[in-house]
Amino acid sequence: MSQKSLNKVRVWDLPTRIFHWSLVACVIGLAITGTLGGSAMVWHFRFGYSVLTLLLFRLVWGLVGGRWSRFGSFIYAPQTVINYLKGRGKPEHGIGHSPIGAGSVFAMLAVLLVQVGTGLISDDEIAFAGPLTHLVSNATVGLSTNYHANIGKWLLLGLLLLHATAILFYLRRKHNLVGAMLHGDKTLVVAMPPSRDDTASRLTALLILAACAALVYWISTLAVPAF
Ligand code: HEM
């Protein structure tokens, strides 16, 4: 049997990893505060603004971030997905997001964006209203509130369960995806170009994050003060 050399490749740059684990913490915070309601809603808003900041950051990072974090590296043609499902994947499919994983990543990002977006124009008609409710009609606020409180959260929960199941499935097949999301590296039998993850790219990420946070802060100031 031939001895294949192993290559350690930086797959997830530090900004992507920090994005991921911050997102996990904030989504848990959102679920808890949303369930508690009452005065915990103050924190529900804070977590919501944080998630919006993270999502905006990830959208930009998907264009300029490390190689394997860029959307271009995990947008697959339908035929590629079919081939992958038939067991005819390519070596590079095991590095960043696979053709199947990519679908769930885009679905999670989209559902999270819609969940935060509808939160901005939701109103509990008691004490809390999203900062942009006064910019849309009452009918739109009603539809958004219904989606946000009764539909979106379950959709998100379903996708997160799928996410956890997929990770456990790979773990049972001796494929630990979590390690790479923690330390950034994968050990591969093929040599592949790494994601850029140096000081300059990390500082760029910080600047992008600061710009996204400033934009979200501005959105939060659009709320009409309650009297
Ligand atoms: C609220 C819970 C969670 C959310 C919202 C979430 C969301 C996401 C998103 C959006 C990505 C894509 C990352 C990117 O390309 O930027 C991702 C990937 C990943 N997540 Fe999560 N995640 C959650 C929980 C977890 C947990 C609990 C674990 C493990 C213990 C985990 C492990 C991973 C791994 C390993 C990947 C990379 C998958 C791959 O290699 O394709 N996630 N997650």
Side-chain angles (χ1 to χ4, degrees), residues 8-35 44 47-48 50-76 80-81 84-85 89-117 119 152-188 192 194-197 201-202 205 208-209 212:
K8 200 158 120 178
V9 177
R10 175 57 45 96
V11 178
W12 305 124
D13 50 51
L14 185 65
T16 302
R17 284 175 277 147
I18 293 180
F19 156 79
H20 180 266
W21 297 114
S22 309
L23 186 66
V24 174
C26 290
V27 168
I28 292 172
L30 277 170
I32 294 172
T33 51
T35 307
H44 191 73
F47 282 124
S50 306
V51 167
L52 181 57
T53 304
L54 289 168
L55 291 173
L56 292 177
F57 164 80
R58 186 64 182 94
L59 289 182
V60 180
W61 201 240
L63 303 175
V64 302
R67 181 187 185 98
W68 301 106
S69 292
R70 287 201 207 144
F71 297 135
S73 77
F74 59 98
I75 294 178
Y76 296 99
T80 312
V81 180
Y84 182 81
L85 284 171
K90 293 190 179 149
E92 63 264 30
H93 294 160
I95 306 168
H97 297 302
S98 72
I100 292 298
S104 91
V105 169
F106 284 123
M108 275 193 289
L109 293 177
V111 170
L112 278 165
L113 265 174
V114 175
Q115 190 65 11
V116 178
K153 66 176 186 185
W154 297 115
L155 209 56
L156 187 58
L157 185 67
L159 283 173
L160 293 178
L161 286 176
L162 200 66
H163 186 50
T165 309
I167 287 160
L168 282 175
F169 170 79
Y170 279 104
L171 201 62
R172 281 178 68 94
R173 297 176 74 186
K174 306 268 177 286
H175 204 77
N176 181 2
L177 300 176
V178 183
M181 206 29 112
L182 287 168
H183 50 64
D185 299 331
K186 280 189 184 174
T187 306
L188 309 165
M192 283 288 170
S195 278
R196 186 177 168 192
D197 193 18
S201 72
R202 290 173 180 183
I208 296 169
L209 185 70
C212 295

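Quick note: numbers below take in every heavy atom, side chains included, and nothing from hydrogens, waters or symmetry partners. Note that ligands are numbered from 1 as they come in the structure, with each ligand's atoms numbered from 1 the same way. Residues: numbered from 1 along the sequence shown.
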- prompt: Taking it one step at a time, do Tyr170 and Asn176 satisfy side-chain contact (heavy atoms from CB on, under 4.5 Å)?
  reply: CA-CA 7 Å; Tyr170 279 104; Asn176 181 2; over 6 Å; no
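- With hydrogens and angles disregarded, no donor-acceptor distance shorter than 3.5 Å links the side chain of Ser98 to the backbone of Gly94.
- For the atom pair CG of Leu160 and OG1 of Thr165, the computed distance is 10.5 Å after rounding to the nearest 0.5 Å.
- If you look at Ile28 next to ligand 1, there are no close heavy atoms at all, none under 4.0 Å.
- Side chain of Arg17 to main chain of Met181: no donor-acceptor pair is present (N/O by atom type, distance under 3.5 Å, no hydrogens or angles).
- Proximity of atom 4 (C) of ligand 1 to the protein is indicated by at least one non-hydrogen atom lying closer than 4.0 angstrom.
- Contacts between Val105 and ligand 1 below 4.0 angstrom, taking non-hydrogen atoms only, involve the side chain exclusively.
- Closest to atom 37 (C) of ligand 1 by heavy atom, among Met181, His175, Lys186, is Met181.
- Remark: side-chain polar atoms of His44 are paired, donor with acceptor, to backbone N or O of Gly34 under 3.5 angstrom.
- Atom 8 (C) of ligand 1 has as its closest protein heavy atom His20 CD2, 3.3 Å.
- With ligand atoms numbered from 1 in the order given, ligand 1 contributes 31 (C), 32 (C), 33 (C), 34 (C) to contacts under 4.0 Å with heavy atoms of Ile167.
- Of the protein's heavy atoms, Trp21 CH2, 3.7 Å lies nearest to atom 28 (C) of ligand 1.
- Residue-ligand proximity, Leu160 to ligand 1, at heavy-atom distances under 4.0 Å covers atoms 1 (C), 2 (C), 3 (C), 4 (C), 5 (C).
- Residue Thr16 approaches ligand 1 through these ligand atoms, each under 4.0 Å from one of its heavy atoms: 16 (O).
- Of all protein heavy atoms, the one closest to atom 9 (C) of ligand 1 is Met108 CE, 3.7 Å.
- Between Tyr170 and ligand 1 there is no heavy-atom distance shorter than 4.0 Å.
- Heavy-atom minimum distance, Pro15 versus Phe57: CB-CZ, 3.8 Å.
- Of all the atoms in ligand 1, the ones that sit under 4.0 Å from a non-hydrogen atom of Leu177 are 35 (C), 40 (O).
- Panel note: side chain His20, backbone Thr16; no donor-acceptor pair is recorded below 3.5 Å.
- Evaluated for a ring-ring contact (aromatic ring centres under 6.0 Å, His included) with His97, the options Trp12, Trp68, Tyr76, Tyr84 yield exactly one hit, Trp12.
- A donor-acceptor pair under 3.5 Å is formed between the side chain of Arg70 and the backbone N or O of Gly65.
- Looking only at heavy atoms of the protein, atom 24 (C) of ligand 1 is closest to Val24 CG2, 3.6 Å.
- Near Leu109, meaning under 4.0 Å from one of its heavy atoms, ligand 1 places the atoms 10 (C).
- The Val27 neighbourhood of ligand 1 comprises atoms 1 (C), with distances under 4.0 Å to a heavy atom of that residue.
- The backbone N or O of Gly66 lies less than 3.5 Å from a partner atom in the side chain of Asp13, making a donor-acceptor pair.
- Of the polar atoms of Arg58, at least one N or O is found under 3.5 Å from an N or O of ligand 1, judged by distance alone.
- Atom numbering of ligand 1 starts at 1 in the shown order; those under 4.0 Å from a heavy atom of Val178 are 29 (C), 35 (C).
- Of the polar atoms of His163, at least one N or O is found under 3.5 Å from an N or O of ligand 1, judged by distance alone.
- For Lys186 (side chain) and Ile95 (main-chain N/O), a donor-acceptor pair under 3.5 Å exists by modelled atom type.
- Note on Asp197 versus Arg202: salt bridge recorded, some NZ/NE/NH1/NH2 to OD/OE distance being below 4.0 Å.
- Each of the following atoms of ligand 1 lies closer than 4.0 Å to a heavy atom of His97: 12 (C), 13 (C), 14 (C), 15 (O), 39 (C), 41 (O).
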